[in-house]
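These notes concern the structure reproduced below.
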Amino acid sequence: MPQEYHNTLSFARQMDAEDPLQPFRKEFLIPVHENKEQVYFLGNSLGLQPKRARSYIEQVLRQWNQFGVEGFFTGDQPWLDYHDQLIHPLSSLVGARPGEVVVMNSLTVNLHLLLVSFYNPVGKRNKILCEEKAFPSDQYLLETHIRQRGLDPGEVIIEVKARDGESLIRYEDIITAIKENEDELALVFWGGVNYYSGQVFDIKGITQAAHQAGAIAGFDLAHAAGNIKLQLHDWNVDFASWCSYKYLNSGPGAIGGAYIHNRYHADNSINRFAGWWGNDKNTRFLMEKGFRPTLTAEGWQLSTPSPILYATHKAALEIFAEAGLDAVFHKGQQLSNYLQFILQDVQKEIGNQFQMITPLQEKGCQVSMLVPKKGRFVFDYLTKKGIFVDWREPDVIRLAPVPLYNKYEEIWQFGQVLKEAFLTFTP
Ligand SMILES: *Cc1c(COP(=O)(O)O)cnc(C)c1O
């Protein structure tokens, strides 16, 4: 750990006082538990509401009221140009060129659409390499997508596993698996950050290995976007997608995003499922025959998007830009460092009643703890005390303090209540 930490209220308060992002907490609405602000460590599940989201939604409603369908072309924020406001801050967030990012649909939908374009099985080169125990939606995605191509998921999917007795997948094992299958790999499809363990993967290294094997590299960035620094273009990633309701604070069911490397934008040989919203803006409303894609990632859009969803996304992305991405990602690491320190300190007092499974280095904000037997009790105890964390059956508690609205003091407080929970455990 980079500096000396202390498990004291005064130390935590001093960290908060020195935190350049502290003013941003008031940009968010914090849920309340028994008349007190919750300690909300669920930014990895549903990020909190930016206060300005309401006025941006109201702007859309007003425009709809005033202009009807003309709202697409007129008013303070014509809906047709709204997308342009989102892709600049978003492309910075994921390290892409602006034309490489599109805001559309939601994550699983986008991944299906991207597989249409980037999963191209040819003969025995039809395998997809992925992580074992990927998020269930990703498993269902691959299974059904492969079957729809007339292939057998059991034959096509190669899962890389954690070694026996370990909970993290070793980087060298991923690279070895790619090399071992280099004659048969069509696609390496991986997560940026594992949703369960919080482990961050080396996207650049995996992409390079995939390309050396003659495969495409695509990523699910659900837990990475807004959590860790990404350089998708420079890392030469082929495609990626993410949701924006987790670390990106854009609201329940928020609109998703996708990245497509610019080398593909004008490539006519690529398959896609098209719709009118992906057609070149200049001819979109001429209603002519023959799809002419916009020559950016926007060419992958299908349907008329909702400006109401754009509004919450804009509110959230503005705050990232105002806070500064380096500051956000730096504090994210600091928060999880401090949390890991607190967990180790609690362990010193109560013994090995839980195990921290998130690595000390390759991580973002999230820290996951494995709590055999007492997990559910501890989780309920925390909740009763106003500390909201995430429970994964059968025995994992996930904690995600996030840089834009969480405080070091809340981490200290969590440590106190956690210790109390173990000390008062009654089966
Ligand atoms: C949250 C999450 C999803 C959810 O996908 P939606 O289509 O937005 O519901 C998918 N994959 C991963 C890895 C996730 O963490």
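Each ligand, and each atom within it, is numbered from 1 in the order the structure gives. The first residue in the sequence is number 1, and the count goes up from there.
- For Phe377, the ring-ring contact (aromatic ring centres under 6.0 Å, His included) partners two or more places apart in sequence, or in a different chain, are Phe425.
- Residues passing the salt bridge (charged side-chain N to carboxylate O under 4.0 Å, His left out) test with Arg54, sequence neighbours excluded: none.
- Checked by atom type and distance alone, the side chain of Asn44 never pairs as donor or acceptor with a backbone atom of Gln366 at under 3.5 Å.
- With respect to the salt-bridge test (charged N to carboxylate O, under 4.0 angstrom), the residues Asp390 and Arg392 qualify.
- Taking Leu309 as the reference, Ile255, Ser306 meet the side chain to side chain contact (heavy atoms under 4.5 Å, CB included) condition, with sequence neighbours excluded.
- At least one donor-acceptor pair closer than 3.5 Å links the side chain of Gln139 to the backbone N or O of Ala134.
- Taking a heavy-atom cut-off of under 4.0 Å, ligand 1 is surrounded by Leu107, Thr108, Phe135, Asp138, Asp220, Ala222, His223, Cys243, Tyr245, Lys246.
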